[in-house]
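Throughout, a chain's letter reflects where its sequence line sits, starting with A, and its residues are numbered from 1.
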There are 2 protein chains.
Amino acid sequence: MGTTKSELFSTKHNALAVAAKVLAHPARVAILEYISQQEACICNDLVDVIGLSQPTISQHLNEIKKIGLLHGNFEGKNLCYCINRERWEELKNSFQKFFDQIAQNCC
Amino acid sequence: MGTTKSELFSTKHNALAVAAKVLAHPARVAILEYISQQEACICNDLVDVIGLSQPTISQHLNEIKKIGLLHGNFEGKNLCYCINRERWEELKNSFQKFFDQIAQNCC
DNA sequence: TTACATTATCGTAATATTGCAATATAATAA
DNA sequence: TTATTATATTGCAATATTACGATAATGTAA
């Protein structure tokens, strides 16, 4: 129990759900918005900007990383988080397609 | 602990997260897709189509109802679920705006 | 080297979500 | 009236998520 029965659903439906899950927390929405609007890459700042503790921010960043939305230089002296634009477009299209598929005739 | 600290975030960010949460389960994605593609309104069928138990489907439908995506005739002899297209467009626009706001210059 | 700053991980507590059996409710059919 | 059908609600068990203190790991600066 308690576990989502992913095996019942199509790859497409599962994938959209996984993507939506990343956006299903305001901190991750705020983090993504913040990073995506920076002209240059940012590093930390998020703890101050968001207002959650550093471990919590790190955890949220990890969720965002896991679906491939973060891109950049994670090693060396310049720590840098930025959006993987290719993946961003992919997800954008997935949501767009989902919302575009409504039928014309409904009550 | 365990609770999302919504008070830290803007109304907009919280609203998008709440909407995303509804799409964050493949059953709800599948239910919405199924309903939205029906020419006429459907009633039950979902238990058969989706493959989860009736109480679980009912629970998922309730989550979808709670953000206003379901519209129709819930009383009387014709039980009928269909998409509230106005709300659907609203959410579509929210996600679109979110995904459109990425900056041009990123690493 | 030591000290400092930044980020990740571990461990844990609180809460939320998922799923279903059992049951209740509501409307129609016989 | 008594079935029958469709949907909702209750209660509970299993699992997932959220948050953070403590600590580890990594890199830079002195």
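B/Phe95 and B/Ala19 make their closest contact through CE1-CB, 4.1 Å (heavy atoms, listed as atom of the first residue, atom of the second, distance).
Counting non-hydrogen atoms of neighbouring residues, nucleotides and ligands closer than 6.0 angstrom, the CD atom of B/Glu7 exceeds 12 such neighbours.
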Side chain to side chain contact (heavy atoms under 4.5 Å, CB included) for B/Leu23 and B/Leu91? Distances and angles first, verdict last. CA-CA 11 Å; B/Leu23 302 182; B/Leu91 296 188; over 6 Å; no
Before you tell me yes or no, could you show the steps for B/Lys97 and B/Asp100 under side chain to side chain contact (heavy atoms under 4.5 Å, CB included), namely the whole-Å CA-CA distance, both residues' side-chain angles and the distance that decides it to 0.1 Å? CA-CA 5 Å; B/Lys97 269 183 198 161; B/Asp100 279 343; 5.7 Å; no
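Mapping B/Ala24 and A/Ser58 onto DNA chain C by nearest heavy atom places A/Ser58 at the nucleotide closer to the 5' end. Along DNA chain D, the nucleotide nearest to B/Leu61 and the one nearest to A/His25 differ in position, and the one closer to the 5' end is contacted by B/Leu61.
Formation of a donor-acceptor pair under 3.5 Å by the A/Ser94 side chain with backbone atoms of A/Glu90 is found in this model. Side chain of A/Ser36 to main chain of A/Leu32: a donor-acceptor pair is present (N/O by atom type, distance under 3.5 Å, no hydrogens or angles). The main-chain N or O of B/Leu69 is never found under 3.5 Å from a side-chain atom of B/Trp88 such that the two would form a donor-acceptor pair. Remark: side-chain polar atoms of A/Asn14 are paired, donor with acceptor, to backbone N or O of A/Ser10 under 3.5 angstrom.
We find that CG of A/Asp45 is positioned 16 Å from P of C/dA5, with the value rounded to whole Å. For A/Ile64 and C/dT7, the CD1 to C1' distance is 15 Å, given to the nearest whole Å. Taking atom CD on A/Glu63 and atom P on C/dT7, their separation rounds to 18 Å, with Å as the unit. Atom CG in B/Leu8 sits roughly 14 Å away from atom P in D/dT18 (whole-Å rounding). One interatomic measurement links the two molecules: NZ of B/Lys5 to P of C/dA16, which rounds to 14 Å at whole-angstrom precision.
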Give me the distances for all protein-to-nucleotides 14-16 of chain D N/O pairs that come in under 3.5 Å?
residue	atom	partner	partner atom	Å
D/dT15	O4'	A/Met1	O	3.3
D/dT15	O3'	A/Thr3	OG1	3.3

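For residues 28-38 of chain B, the pairs satisfying salt bridge (Lys or Arg N to Asp or Glu O under 4.0 Å) are A/Lys12-B/Glu33, with sequence neighbours left out.
A side chain to side chain contact (heavy atoms under 4.5 Å, CB included) with A/Leu70 is found for one member of A/Asn62, A/Asn84, A/Ile64 and no other, namely A/Ile64.
On a pure distance criterion of 3.5 Å, a polar donor-acceptor pair joins the side chain of A/Gln59 and the base of D/dA19.
DNA chain C is contacted by B/Leu52, B/Ser53, B/Pro55, B/Thr56 of residues 50-57 of chain B, taking any non-hydrogen atom closer than 4.0 Å. Within residues 10-20 of chain A, no residue is approached by DNA chain C to less than 4.0 Å at the level of any non-hydrogen atom.
Picking from C/dT9, D/dA19, C/dC20 the nucleotide with the shortest atom distance to the side chain of A/Asn62 gives C/dT9. Side-chain atoms of B/Arg28 lie closest to C/dT18 of the nucleotides C/dT18, D/dA19, C/dG19.
Here B/Tyr81 reaches the OP1 or OP2 of D/dA8: one of its side-chain N or O atoms lies under 4.0 Å away. Dashed line: the shortest gap from a side-chain N or O of B/His60 to OP1 or OP2 of C/dT17 is not under 4.0 Å.
With sequence neighbours excluded, no residue forms a ring pair (Phe, Tyr, Trp, His ring centres under 6.0 Å) with A/Phe9. Take B/His60 and apply the ring pair (Phe, Tyr, Trp, His ring centres under 6.0 Å) test, not counting sequence neighbours, and it matches B/His25.
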